[in-house]
Amino acid sequence: MKRQLLWGIALLAAACSTPPAEPTLKEAFADEFLVGTALNAAQIMGQDREAQVLIATHFNSIVAENCMKSEEIQPEEGKFDFSLSDPFVAFGEENDMFIIGHTLVWHSQLAPWFPFDKEGNKVSREVMIERLKSHITTLVSRYRGRIQGWDVVNEAILEDGTLRPTPFLEIIGEDYLELAFQFAHEADPDAELYYNDYSMASEGKRNRVVQLIRDLKAKGIRIDAVGMQNHMGMDYPAIEEFEKSLTAFAAEGVKVMITEWDITVLPTVRMGAEVSDRVAYAKQMNPYPDGMPDEVSQAWDERLRSFVDLYEKHADKISRVTAWGFSDGDSWRNDWPMPGRTDYPLLFDREKKLKPVVQEIINEKINNK
Ligand code: G3I
């Protein structure tokens, strides 16, 4: 009896002496929305083991940054490459995460063969619809019941509210959007289906997305949420305009998701809207190669806080907030549109440490629970 008592006291002492683990991002926001990040190949395959552990610790949702885009997952017609998407989904399941498939229909990183026949001519509407259906059905049914939500159509609308001239629009016509949602729903009736886009604070895009939601719903086609990517800078978008769009989408009876959040501090490089374009390096466009000056870092913190406050204000409408990458070193912002820059857009720094402002926000929330 005495030995058991002594063991019990020892265990109790050990438990009391072990410092409480630092509260995590997902714990801090557990009552409001899921918190997610985008995984790159090194994180999916465990080459970046440190990141993997931290992602599993802090996030309860993940999205594939590139490996599920058509140029990567169906590089040749009928030949699918699941070598990254399978372990991506497995990682999410092992860590009980809300898994997002990104993205079924996008004009960028589109498999080169998709709109063309063997002679290099554009295929017919019927063939393009068949290819669209085959791509979506193969992917969505493979992960049926395992991927909870899909970015069905990505970036199909321009800031002026017109439909982006893509091969899908040109060859199939406007109904490619509803066909994509329909095919995805048929392949997994339980999966959530999203329309995802950037610059969603622009009035023209806002109004057209509202119209898209109404059109789909009027036809009885499932759409669960609108993804507001929110790739933002220090002076865009205007938070009031972003809030107008957020509330306009929610008013249509869909969820809102912040799907690709990052905040660049780098000067805007003027170029076209085509995300695959690049601009030659210029030193003056890369002002902080060795770290942000205090005043810039402070401004970034304030910018981040202003949007966290907005997300929390509308936590009844927002179901997920996802950062577009784990740490600053991973971000596409370092290389687009000008390769070789140093940006600081994400929640974890280049040393994979949680940024102080994020830790402060976590602590404030945990202490106020
Ligand atoms: O995989 C190749 C590799 O084999 C090659 O050696 C290397 C060098 O050229 O390129 C690699 O492909 C790159 C790919 O990312 C994977 O790393 C492409 O060049 C590069 O263009 C591609 O960039 C991605 C970009 O989408 C493409 O448009 C970014 O990582 C990704 O973060 C970004 O994400 C998009 C979202 O999907 C949609 N919303 C906008 C967002 C930012 O553009």
Side-chain angles (χ1 to χ4, degrees), residues 36-45 47-48 51 55 61-76 81-85 88 99-112 114 139 147 149-159 164 166-168 180 194-202 205 209 225-233 236-237 257-264 266 268-269 271-281 320-341 343 345-348:
T37 188
L39 267 64
N40 62 30
Q43 291 152 358
I44 292 169
M45 299 310 285
Q47 286 132 6
D48 189 348
I55 289 167
S61 178
I62 53 172
V63 59
E65 183 178 14
N66 285 298
C67 72
M68 300 185 87
K69 293 167 179 175
S70 67
E71 74 172 1
E72 297 214 15
I73 205 159
Q74 193 182 177
E76 289 175 51
D81 176 2
F82 300 117
S83 59
L84 280 171
S85 54
F88 162 75
I99 305 168
I100 310 294
H102 174 83
T103 177
L104 296 174
V105 182
W106 191 28
H107 67 284
S108 184
Q109 293 178 279
L110 177 65
F114 214 107
L139 243 62
I147 284 185
W150 286 93
D151 287 340
V152 176
V153 176
N154 190 51
E155 302 173 17
I157 295 168
L158 298 176
E159 274 84 328
R164 184 187 297 271
T166 69
F168 299 102
Y194 317 134
Y195 175 74
N196 190 51
D197 213 330
Y198 64 89
S199 296
M200 292 284 246
S202 70
K205 191 171 283 199
V209 171
V226 165
M228 302 177 75
Q229 294 179 8
N230 207 13
H231 292 295
M232 57 187 273
Y236 70 89
M257 299 178 160
I258 309 301
T259 53
E260 304 185 13
W261 193 27
D262 49 34
I263 309 174
T264 183
L266 299 181
T268 301
V269 176
M271 51 148 322
E274 191 36 64
V275 75
S276 56
D277 292 347
R278 286 293 185 277
V279 175
Y281 180 81
R320 170 170 65 96
V321 175
T322 288
W324 198 243
F326 168 64
S327 69
D328 288 342
D330 301 322
S331 176
W332 69 292
R333 292 279 198 167
N334 295 311
D335 293 310
W336 186 87
M338 185 181 285
R341 297 205 290 177
D343 205 346
L346 295 169
L347 306 181
F348 286 76

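Read the numbers this way: they start at 1 and go in the same order the structure lists the ligands and their atoms.
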Counting distance only, does the side-chain N/O of [X] pair as donor-acceptor with the main-chain N or O of [Y] below 3.5 Å?
X      : Y      : answer
Asn334 : Asp328 : yes
Lys69  : Ala64  : no
Arg320 : Gly36  : no
Tyr195 : Ala156 : yes
Thr37  : Gly325 : yes
Asp335 : Gly340 : yes

Original post:
Hey, would you say the His231 and Trp336 ring centroids sit under 6.0 Å apart?
Top reply: no
Subject >> Sole residue of Leu104, Ile100, Thr103 in side-chain contact (heavy atoms from CB on, under 4.5 Å) with Trp150 >> reply: Leu104
If you measure every N/O of [X] against every N/O of ligand 1, is any gap under 3.5 Å?
X      : result
Glu65  : yes
Trp324 : yes
Asn66  : yes
Asn154 : no

Need the ligand 1 atom indices (1-based, order shown) with element for anything under 4.0 Å from a heavy-atom of [X].
X      : value
His231 : 40 (C), 41 (C)
Ser108 : 28 (O)
Glu260 : 36 (C), 38 (C), 39 (N), 40 (C), 41 (C)
His102 : 36 (C), 37 (O), 38 (C)
Gln229 : 39 (N), 40 (C)
Lys69  : 26 (O), 31 (C), 33 (C), 34 (O), 35 (C), 36 (C), 37 (O)

Original post:
Just heavy atoms, cut-off under 4.0 Å: does Tyr198 contact ligand 1 by side chain, backbone, both, or neither?
Top reply: neither
